[in-house]
Number of protein chains: 2
Amino acid sequence: MELKELVERYQTAINQVYRRVNGILKDKMHSDITTDQFSTLHFIFKHSKCTSTDIAHEFGVGKSAVTAQINRLDEKGLIVRERDENDRRVVYLSVTDKGTDFVNYTEKAIFEILGSYLKSFEKEEIYTFIHSLEKLAKIMNEDLGE
Amino acid sequence: MELKELVERYQTAINQVYRRVNGILKDKMHSDITTDQFSTLHFIFKHSKCTSTDIAHEFGVGKSAVTAQINRLDEKGLIVRERDENDRRVVYLSVTDKGTDFVNYTEKAIFEILGSYLKSFEKEEIYTFIHSLEKLAKIMNEDLGE
DNA sequence: ATGAATAGTTCACTTATTGAACTATATTAT
DNA sequence: ATAATATAGTTCAATAAGTGAACTATTCAT
């Protein structure tokens with residue numbers, strides 16, 4: 001099989017999955033938060049006291065884009081900014097109680113739906129798939145540092 | 001292993017891969033076309049004489065979003081619109097010679113870079129991975145029709 | 001102490017998307 | 001045959017997301 005064919009199949013499939021997952025989340029979150037905003041909120045939830053720079057690096061976007069994201073989450077009362085007392089340039093981000101509730105509630109909804117899709121897969125197949133995906137992500141991230 | 005953990009790992013990894021691939025394409029396409037625009041152009045390239053509705057369905061967006069995309073590609077001279085003579089509501093889309101050259105050139109660049117990432121994978125691992133990805137895409141697309 | 005680096009914000013601009021309203025054409029039902 | 005309905009695509013106003021340059025406010029280095 002040719003590389004060209006494999007890459008095209010990969011592109012088509014990953015695009016479909018990515019957009020479909022986005023669509024499902026949009027439907028089920030029943031709220032006026034976007035999936036991009038939820039990704040950022042979730043990252044802050046998992047990495048409490050992280051910074052804008054961390055987020056910019058994680059998602060591969062500029063710092064000004066992160067400022068805009070953070071502003072939207074801040075306006076909704078889902079996160080708080082907190083300046084470092086020692087290095088006053090730094091702003092730490094963390095989720096509020098409201099943000100925590102929101103993440104927990106939304107995750108539950110997401111797991112139910114995605115879980116139902118995964119029923120057609122053998123456990124072994126899921127592990128192998130995720131392992132390959134993580135390996136690919138790792139290789140690509142490493143390469144970035146060069 | 002818990003579903004929750006698997007889904008979170010999936011989300012993190014696929015997000016990273018998706019954004020990283022986008023970043024690579026952006027770097028290497030050395031042109032003022034975006035990756036979204038290239039996706040649309042590529043779809044038209046592969047499905048000559050397709051319609052806006054086809055594209056809206058493929059990418060899961062509204063028709064007005066497609067009109068905007070098509071306009072951008074049209075302005076760049078990469079595609080042409082052509083009305084159906086029998087059903088004058090319908091507009092067929094196809095790539096111009098310039099568009100064809102552009103797709104071929106860009107694909108070559110993409111294959112070189114993505115190919116280099118895939119060197120760390122066994123052939124078998126790649127096939128299995130793409131097979132699972134396509135299976136997931138298929139399940140999700142089927143579910144959409146309900 | 002001065003100059004460079006770092007963290008974050010602001011600003012102007014572009015792209016992508018949505019959804020409602022609209023035009024034009026085709027289909028269907030009475 | 002015609003009136004109602006459906007379909008294909010566009011336009012428009014709004015929002016979200018991104019870029020990159022210029023900026024503020026710090027901290028670090030020599």
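In the text below, chain A, chain B and the rest are named by the order of the sequence lines, each starting its count at 1.
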Measure the acute angle between the ring planes of B/F43 and B/F59, then classify it against the limits of 30° and 60° as parallel, tilted or perpendicular. perpendicular
Starting from P on C/dT14, measure out to CD1 on B/I33 and report it in whole angstrom. 18 Å
Interatomic distance, A/H57 NE2 vs C/dG8 P [rounded to whole Å]: 14 Å
So A/V103 and A/L78, do their side chains get closer than 4.5 Å, heavy atoms only? no
Please walk me through it: do A/K98 and A/F102 pass side chain to side chain contact (heavy atoms under 4.5 Å, CB included)? CA-CA 6 Å; A/K98 184 180 170 188; A/F102 187 86; 5.7 Å; no
Could you tell me the separation between the CG atom of B/L41 and the P atom of C/dA16, rounded to a whole number of Å? 12 Å
Contact list please: residues 85-93 of chain B against DNA chain D, heavy atoms, distance less than 4.0 Å, in numerical order. B/R89, B/V90, B/V91
Rounding to an integer number of Å, can you tell me how far A/F59 CZ sits from D/dA16 P? 18 Å
Could you tell me how far apart A/I79 (CD1) and C/dG8 (P) are, to the nearest whole angstrom? 12 Å
5' priority, DNA chain D, between A/D84 and A/D36 [closest heavy atom]: A/D36
Non-hydrogen side-chain atoms of B/I55 and B/L93 separated by less than 4.5 Å: yes
Is A/T53 near enough to C/dG8 that one of its side-chain N or O atoms lies under 4.0 angstrom from OP1 or OP2? yes
Between B/T12 and the options A/K46, A/E58, A/H42, the side chain to side chain contact (heavy atoms under 4.5 Å, CB included) test singles out A/E58
From CD of A/Q37 across to P of C/dT17 the rounded distance in Å is 16 Å
Looking at residues 61-72 of chain B, who's got a heavy atom less than 4.0 Å off DNA chain D? B/K63, B/S64, B/T67
What's the shortest heavy-atom distance between B/S94 and B/S48, and which atoms? CB-OG, 3.6 Å
Would you mind reading off the distance between A/D54 atom CG and C/dG8 atom P, rounded to a whole angstrom? 8 Å
For A/F38 and D/dA17, what is the distance between atoms CZ and P respectively, to the nearest whole Å? 14 Å
Can you see if the side chain of B/R81 gets near the phosphate of D/dT10 - specifically, an N or O under 4.0 Å from OP1 or OP2? yes
Taking the side chain as C-beta and beyond, is there a heavy-atom pair between B/H47 and B/D54 under 4.5 Å? no
A/E5 and A/R9 ion-paired at < 4.0 Å: yes
Tell me whether A/N104 at atom CG has more than 12 heavy atoms from other residues, nucleotides or ligands lying less than 6.0 Å away. yes
